[in-house]
Amino acid sequence: MNEIERARRYTWHVLISGIAATWVVIAISVGVRLEDGQLDWRRIALALIAAIGFTSLCPRIIRAVLDRRYPTRLVAVAAVLALTAAVVGGAAPTAWGFVLVAWLSIATLHIPRRASLMVAVGTWLTCVGVSTLTWQDNLFAGGMDLTFQEVLFFNALIYGVFCVVVPPSNRLWVWIWMLAEEAHKGREAHTKLALAEERLRFARDLHDLVGHQLSAIAVKTELAVRLSDVDGDAARGEMAEVNTLTRKALKELRQAVRGYRELDLAAEVNSVKGVLEAAGVRCEVRLPYRELPPGVAPVFAYAVREAVTNVLKHSTATFCEITISFTAQEAELIVRNDGVARRQAVDLGSGLAGMGERLAAVGGRMTANPTADGQFLLTAVVSLPLTG
């Protein structure tokens with residue numbers, strides 16, 4: 001499970017906790033009435049059936065909201081079931097009336113603020129009205145000998161507090177979840193953009209390097225064909241030039257591919273730093289003041305690219321630290337970030353596996369593991385001088 005799935009599950013549990021609290025309130029009220037000998041089993045059975053039906057719909061409604069859909073039909077059916085449970089069981093705010101509050105907590109998710117306010121006001125009026133019709137069932141009315149006016153005031157006050165506090169708190173959780181989801185999509189978009197820019201850069205460099213020679217080869221080949229029946233010596237001369245241009249184009253093509261494979265370390269570090277900071281990840285780079293030994297820079301440039309790609313794809317880091325150092329015996333690259341994903345602990349992916357193979361080819365080694373303080377540490381070490 002990645003970080004965004006974990007955040008979704010956590011939000012779901014927070015929202016469903018209000019439904020669980022409803023059953024706690026119901027259980028307490030039923031226990032009090034049972035102790036006082038005031039329990040009407042027929043009414044309780046019917047209220048329980050309605051409450052169970054309401055509860056079964058809540059997870060489906062919450063999942064739809066987290067998917068940015070508003071299940072109007074399910075919300076309406078849940079409202080009928082919640083109202084039935086409240087009316088039959090006795091709509092006191094400390095008893096079955098809390099089912100209406102639980103309905104309000106999910107009915108106001110992912111709708112405009114004005115609509116949420118109207119739903120809250122309507123729920124408050126409904127709760128007060130229903131609790132007024134069944135005011136004699138109120139536990140406080142019987143236990144404290146309250147009058148009708150006192151019970152009405154008490155119910156209006158308690159329901160008012162619920163209707164003011166519950167909708168904004170749940171809407172806040174959904175809003176935070178949606179922001180996290182959008183940030184996650186933005187990070188993926190930044191990664192894809194960086195890869196696309198790299199492909200375009202390589203295509204542009206390839207065109208600039210060998211495009212002219214290939215055009216010249218095409219022209220001279222066509223000219224040689226025309227001269228072959230008229231002037232054989234001139235045709236041979238053109239073909240000799242074609243041969244020279246072909247060798248030159250092949251040489252430059254090999255240089256371009258080699259240059260692409262053997263990445264420039266300074267350019268690569270600047271590139272990945274820009275991509276990380278564009279994705280909202282603070283990046284700190286520590287490079288040696290001396291030039292790296294021959295052959296080390298291309299190896300570490302590739303390692304930096306793969307390590308940062310892993311950070312962007314498989315973690316939720318807020319900072320990334322890249323450190324390169326060397327002695328007379330070995331050179332070391334350390335990439336540290338604070339966004340450990342569970343997948344990293346068991347699956348390093350093909351990119352890091354390929355990095356390990358490259359390092360092994362030059363007598364180096366790589367380790368990549370989560371640390372005890374919740375960070376992910378990648379270390380690449382090569383012995384000097386390089387053996388590959």
Side-chain angles (χ1 to χ4, degrees), residues 14-59 61-62 74-109 116-171:
V14 169
L15 297 177
I16 208 69
S17 63
I19 312 303
T22 302
W23 283 100
V24 173
V25 173
I26 291 174
I28 293 174
S29 66
V30 170
V32 171
R33 289 190 178 278
L34 182 62
E35 185 178 355
D36 294 341
Q38 301 177 2
L39 198 63
D40 186 340
W41 287 105
R42 290 174 298 179
R43 292 179 57 187
I44 292 300
L46 182 57
L48 280 173
I49 293 173
I52 292 172
F54 164 76
T55 304
S56 67
L57 295 179
C58 290
I61 295 173
I62 293 174
L74 290 179
V75 172
V77 174
V80 173
L81 293 172
L83 184 60
T84 301
V87 171
V88 175
T94 55
W96 293 90
F98 201 84
V99 180
L100 291 171
V101 178
W103 175 84
L104 176 65
S105 69
I106 61 174
T108 53
L109 299 176
S116 174
L117 179 61
M118 294 176 62
V119 171
V121 172
T123 302
W124 179 74
L125 293 174
T126 301
C127 290
V128 174
V130 174
S131 63
T132 301
L133 295 177
T134 58
W135 73 276
Q136 292 179 337
D137 291 332
N138 194 301
L139 296 176
F140 291 95
M144 302 175 62
D145 295 327
L146 299 180
T147 64
F148 171 77
Q149 291 79 8
E150 291 171 336
V151 172
L152 178 61
F153 173 79
F154 173 80
N155 289 343
L157 179 62
I158 297 300
Y159 278 126
V161 172
F162 284 151
C163 292
V164 168
V165 173
V166 170
S169 61
N170 278 12
R171 286 169 59 85

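When all heavy atoms of S29 and W96 are compared, the closest pair comes out as OG-NE1, 4.4 Å. Shortest non-hydrogen contact noted between R43 and G89 is NH2-C, 3.9 Å. A82 and W103 get closest at one heavy-atom pair: CB-CB, 4.1 Å. For the residue pair A120 and L104, the shortest heavy atom distance occurs at CA-CD1, 3.7 Å. Here the closest non-hydrogen pair linking T108 and R171 is O-NH1, 2.8 Å.
Counting heavy atoms from C-beta outward, I106 and L57 have side chains that stay 4.5 Å or more apart. Within the 4.5 Å cutoff, the side chain of F154 has heavy atoms near those of the P93 side chain. Looking at heavy atoms from C-beta onward, T123 lies in side-chain contact with C127 at the 4.5 angstrom threshold. Counting heavy atoms from C-beta on, the side chains of W124 and V101 never come closer than 4.5 Å.
A distance of 7.5 Å separates CG of L81 from OG of S56, quoted to the nearest 0.5 Å. Between atom CD1 of residue I61 and atom CG of residue L109 there is a gap of 9.0 Å, rounded to the nearest 0.5 Å.
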What pairs of donor and acceptor atoms, side-chain ones from residues 47-55 against any protein atom, are under 3.5 angstrom apart with sequence neighbours left out?
{"unit_1": "T55", "atom_1": "OG1", "unit_2": "W23", "atom_2": "NE1", "d": "2.9"}
{"unit_1": "T55", "atom_1": "OG1", "unit_2": "A51", "atom_2": "O", "d": "2.8"}

N/O donor-acceptor pairs under 3.5 Å from side chains in residues 157-169, not counting sequence neighbours:
{"unit_1": "Y159", "atom_1": "OH", "unit_2": "A91", "atom_2": "O", "d": "2.7"}
{"unit_1": "S169", "atom_1": "OG", "unit_2": "V165", "atom_2": "O", "d": "3.3"}
{"unit_1": "S169", "atom_1": "OG", "unit_2": "V166", "atom_2": "O", "d": "2.8"}

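Here the options are T132, V128, T126, the test is side chain to side chain contact (heavy atoms under 4.5 Å, CB included), and the partner is V130; only T126 passes. For the side chain to side chain contact (heavy atoms under 4.5 Å, CB included) with S105, the qualifying choice from N170, L15, I16 is N170, the only one to do so.
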